[in-house]
Amino acid sequence: MKKILGLLPLLLVFWSCEVEGDLTRTQAKSLDQGTAILKYSGNFSGTSGIAVIGQAKIYLEGNRYRVQLENFSISEGPDLKVYLSKGATPTEFVSLGNLTAATVYEIPKEVIVANYSHVLIHCQQYNHLYAIAPLNAN
Amino acid sequence: MTLLLLPLTFVYSQGCSDAGICSLAGSFLTDAPSKNTVEFGNIFGAGEAAVKYYSPYLAYTRKFSNQFALSAKITYSLASGSFGKRGQFGDAYLTANYDWKSKRTLKWSTLLGMKFPFTQSNLKINGYSLPLDYQASLGTFDWIVGVTLKYENWDFNSALQLPVFNLNRNSYFKEYSGTNDFPTTNLFERRPDVLFRTTYTYKTKGKFTFKPNVLFLYHLGQDSAENYYGVREAIPGSEGLTINGNLIGSYAMNSTNSIDISLATPFVVRTIRPDGLTRSFTAAIIYKMSF
């Protein structure tokens with residue numbers, strides 16, 4: 001038993017628990033304000049207990065639509081996603097990926113943007129809606 | 001001197017955070033010389049898209065009688081590749097082994113086990129989702145059942161690994177990753193695996209034992225994931241057969257200590273392996289101590 005007790009600290013040091021390096025693949029996108037045309041926009045409001053400020057704006061840049069979050073800030077949450085949604089709840093939506101420090105989210109080519117009325121911030125892990133931005137055409 | 005006989009540990013080249021049965025189904029035998037056995041393994045692997053793995057584990061086996069033993073095992077996995085480096089504890093395993101009494105040369109043993117994930121398979125780097133190839137666990141709670149038939153120098157293992165609760169919350173989308181190396185595994189759901197393995201044991205007159213073995217794994221059905229519309233889709237080509245070859249060389253330092261070297265590679269693989277079980281080669285060094 002003494003052998004085991006002597007071995008364990010060594011093993012724990014050896015494993016050194018969780019490791020998170022730097023992201024080595026560039027994923028951040030930016031918007032060319034010179035060519036991008038604002039098509040839709042809306043202000044965020046939080047669901048119960050969630051503090052949020054900022055706007056969601058959808059730009060057409062070339063032949064691609066992109067969502068940009070402007071002056072945006074929200075209460076911390078696990079696994080938050082950006083959804084383009086057909087309603088104020090996430091029942092029919094397009095997930096645009098993780099809410100990260102990036103502010104521009106690309107909308108897949110085949111999505112007909114005019115059919116979607118809201119941008120949502122949703123926690124996928126616990127299925128909890130955080131914020132809603134109803135869109136208006138510009 | 002009593003030759004050290006410890007439970008076999010198979011390192012399989014299908015790999016992963018160790019999906020489970022491949023390494024556990026070999027651990028049936030309760031013929032260790034002492035009541036307690038500790039095993040520390042270091043597995044190095046190379047996977048698809050040039051992902052490299054370092055996967056240590058620690059296992060403890062307590063023999064309660066000549067027929068019955070309980071084992072606990074904890075795994076860790078560190079993956080590094082084009083997304084960066086990510087490491088975390090993977091899974092915990094609890095298994096019970098029972099050797100059935102027999103006076104004949106045919107000996108049966110059975111295994112019942114559980115796998116508990118330490119993560120929900122949604123580890124990220126700087127907030128960006130990672131494919132399952134970088135996850136330390138598949139995020140499922142599994143039952144594992146198996147049976148082994150031992151006949152002279154031959155062992156025949158068969159086992160089933162059945163996901164019971166899916167805790168997987170992976171959120172990786174191929175479409176937003178900038179690479180086609182890995183498929184979308186958003187809210188991944190995994191199907192069961194069955195295993196069949198044949199092992200031949202050759203003991204030299206000295207302290208060496210060699211155990212070449214062939215491992216057949218069949219993935220029972222297509223895995224699935226939710227696309228960016230939130231619609232669940234089967235992943236074509238994710239079911240099917242994997243065949244691995246594995247060679248284990250064991251050196252018994254004395255009656256209670258041994259070192260194993262294990263080399264493994266697949267000969268047949270599934271068309272697509274969204275679960276990240278993509279090792280093209282693994283090498284392991286394992287230290288075992290009984291007391």
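Within every chain, numbering begins at 1; the chains are lettered A, B, ... in the order of the sequence lines, protein sequences first and strands thereafter. All of these numbers come straight from a predicted model, not from anything done at the bench.
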Selection from B/N227, B/N36, B/L187 maximising heavy-atom pairs under 4.5 Å formed with chain A:
B/L187

Do side-chain atoms of B/Y176 reach the backbone of A/S95 as a donor and acceptor pair under 3.5 angstrom?
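Judged by distance alone, yes, a pair lies under 3.5 Å.
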
Closest heavy-atom pair, B/R169 versus A/D79, reported as atoms and distance to 0.1 Å, is O-OD2, 4.2 Å

List the atom of B/G127, the atom of A/T100, and the distance in Å for their closest heavy-atom pair.
O-CG2, 3.6 Å

Interchain contact, [X] with chain A, by part (heavy-atom threshold 4.5 Å):
{"X": "B/N168", "value": "neither"}
{"X": "B/Y229", "value": "both"}
{"X": "B/Q120", "value": "side chain"}

Which atoms of A/E106 come close to chain B, meaning under 4.5 Å heavy atom to heavy atom: side chain ones, backbone ones, both, or neither?
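Contact with chain B involves the backbone of A/E106 alone.
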
Chain B heavy atoms under 4.5 Å from A/L99: which part of the residue, side chain, backbone, both or neither?
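Answer is neither: A/L99 stays 4.5 Å or more from chain B.
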
If you measure from [atom1] on [X] to [atom2] on [Y], what distance do you get to the nearest 0.5 Å?
{"X": "A/K81", "Y": "B/S129", "atom1": "NZ", "atom2": "OG", "answer": "4.0 Å"}
{"X": "A/L96", "Y": "B/F173", "atom1": "CG", "atom2": "CZ", "answer": "9.0 Å"}
{"X": "B/N122", "Y": "A/Q124", "atom1": "CG", "atom2": "CD", "answer": "7.5 Å"}

Does atom CZ of B/F165 have more than 12 heavy-atom neighbours, drawn from other residues, nucleotides or ligands, at distances under 6.0 Å?
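Check fails, neighbour count at 12 or below.
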
Take atom CD in A/E110; do more than 12 heavy atoms of anything else shown fall under 6.0 Å from it?
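It does: A/E110 CD has more than 12 such atoms within range.
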
If you count heavy-atom pairs under 4.5 Å with chain B, which of A/T91, A/V111, A/N98 comes out on top?
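The residue among A/T91, A/V111, A/N98 with the greatest pair count is A/N98.
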
